[in-house]
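Data first, discussion second: the structure below is written as structure tokens.
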Amino acid sequence: GKRGKAGMNHPLKRPGKLRLGVNIDHVATVRNARGSAWPDPLRAALLAETAGADGITAHLREDRRHIRDADIEALMAALTVPLYFEGAATTEMQAIVLRHRPHAVCLVPEKREERTTEGGLDVSGDQARLTDYIAPLREAGCRVSMFISHDPRQIEASARIGAAVVELHTGLYSELLADGHAALAERELAALQAGAELAASLELEVHAGHGLTYDNVEPIAAIPELAELNIGHFLIGEAIFRGLEPAIEEMRRRMDLARDR
Ligand code: PXP
């Protein structure tokens, strides 16, 4: 059929190994800056697969500022690795997910005016609605992930509502390191480690992402409970200098190094 493998239930490409999901949103950002057809996010996704990405992540924002509906369609048709669809918990996104049935859906908070996803989802404060919201997604066979902070209340609430996965927000950790606050970054890293441990003990699959770079990825990759990292903005930027495949290969190398130590 027309459909690729982006929605199928995949045997893990690297069992036991830390998976890398490459987020291609910002290829679309560059494309949309000129209203042309290039650079094409699908071409980037296919190159990322070649470079060893275990999944492709795309965030369909309510305002469509980067990824558009047609991109999701193209990715679903052509990918041979799973598509991790990110979106806000709105009825519009639910309908889109049910139409495409991607491998996984990561629910993220979304504010129109933000530059990027600023905080985690408040699962604990929205449990009843989110339980109902994810029910049809689960029935459709999508792995449902919650993008949350390491707050134990959010992790426990995610387990309670029936999510399969939590993605821990590494944005604050990344920012603290970038701003030279090493001691605070250490504390944040410890909280992420504790969060990963708690989530795994509740039988959640644990992912992490946001703001990860060559310089800050290794301590995160070394957290043994993590199954997957999702990395976008830095890799797309680095691709300007090295090309996309070498940029991804270098991230993969650093992730593996952290795991082998
Ligand atoms: N994970 C989630 C849930 C995200 O929303 C994003 C950004 O879209 C990322 C990971 C990737 O973050 P970055 O682009 O900073 O690598």
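Read the numbers this way: they start at 1 and go in the same order the structure lists the ligands and their atoms. Atoms considered below: every heavy atom in the structure, side chains included; atoms not considered: hydrogens, waters and symmetry mates. Source: prediction; values computed, not measured.
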- Could you walk me through whether Phe85 and His100 pass ring-ring contact (aromatic ring centres under 6.0 Å, His included), step by step? CA-CA 10 Å; Phe85 179 99; His100 291 293; 7.7 Å; no
- So, Asp71 and Arg31, do they make that salt bridge, N to O below 4.0 Å?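 So Asp71 pairs with Arg31 through a salt bridge.
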- Message: Tell me whether Glu205 is salt-bridged to Arg143, with the criterion being a basic N under 4.0 Å from an acidic carboxylate O.
- Response: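 Salt bridge present between Glu205 and Arg143.
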Please could you name the atoms of ligand 1 that [X] approaches to less than 4.0 Å, counting only its heavy atoms?
{"X": "Asp25", "answer": "8 (O)"}
{"X": "Asn230", "answer": "10 (C), 11 (C)"}
{"X": "Phe147", "answer": "2 (C), 3 (C)"}
{"X": "Gly211", "answer": "12 (O), 13 (P), 15 (O), 16 (O)"}
{"X": "His233", "answer": "13 (P), 14 (O), 16 (O)"}
{"X": "Ile231", "answer": "16 (O)"}
{"X": "Val108", "answer": "3 (C)"}

- Could you say whether the N/O atoms of Phe234 and ligand 1 ever approach to under 3.5 Å?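 In this structure, Phe234 places no N or O atom under 3.5 Å from an N or O of ligand 1.
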- Message: Are any of the N/O atoms on Gly209, whether in the backbone or the side chain, positioned under 3.5 angstrom from an N/O atom of ligand 1?
- Response: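 It does not: no N or O of Gly209 is found under 3.5 Å from an N or O of ligand 1.
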- Evaluate the side chain to side chain donor-acceptor pair (under 3.5 Å) criterion for residues His169 and Glu167: first the C-alpha distance (whole Å), next the side-chain angles of each, then the deciding distance (0.1 Å), finally the verdict. CA-CA 6 Å; His169 199 314; Glu167 179 166 331; over 6 Å; no
Side chain, backbone, both or neither: the part of [X] lying under 4.0 Å from ligand 1 by heavy atom:
{"X": "His26", "answer": "neither"}
{"X": "Leu235", "answer": "neither"}
{"X": "Glu167", "answer": "side chain"}

- Tyr84 side chain to Pro102 main-chain N or O, any donor-acceptor pair under 3.5 Å?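 Side chain of Tyr84 to backbone of Pro102, a donor-acceptor pair under 3.5 Å: no, none is there.
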- Message: As a quick check of understanding, evaluate side-chain contact (heavy atoms from CB on, under 4.5 Å) for Val166 and Val206, giving each step before the final call.
- Response: CA-CA 5 Å; Val166 289; Val206 198; 4.2 Å; yes
- Show the numbers, then the answer: is there a side-chain contact (heavy atoms from CB on, under 4.5 Å) between Leu172 and Leu176? CA-CA 6 Å; Leu172 179 58; Leu176 289 169; 3.9 Å; yes
- Task: Return the set of residues passing salt bridge (Lys or Arg N to Asp or Glu O under 4.0 Å) with Asp126 (not counting sequence neighbours), or none when no residue passes.
- Result: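 Applying salt bridge (Lys or Arg N to Asp or Glu O under 4.0 Å) to Asp126 gives Arg129.
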Distance-only check: which donor-acceptor pairs under 3.5 Å involve side-chain atoms of residues 239-251, not counting sequence neighbours?
{"from": "Arg242", "atom 1": "NE", "to": "Glu238", "atom 2": "OE2", "distance (Å)": "2.6"}
{"from": "Arg242", "atom 1": "NH2", "to": "Glu238", "atom 2": "OE2", "distance (Å)": "3.4"}
{"from": "Glu250", "atom 1": "OE1", "to": "Arg253", "atom 2": "NE", "distance (Å)": "3.0"}
{"from": "Glu250", "atom 1": "OE2", "to": "Arg253", "atom 2": "NH2", "distance (Å)": "3.0"}
{"from": "Glu250", "atom 1": "OE2", "to": "Arg254", "atom 2": "NE", "distance (Å)": "2.7"}
{"from": "Glu250", "atom 1": "OE2", "to": "Arg254", "atom 2": "NH2", "distance (Å)": "3.1"}

- Task: Give the single entry among Val22, Leu229, Asn23 that approaches atom 8 (O) of ligand 1 most closely by any heavy atom.
- Result: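 The option holding the nearest heavy atom is Asn23.
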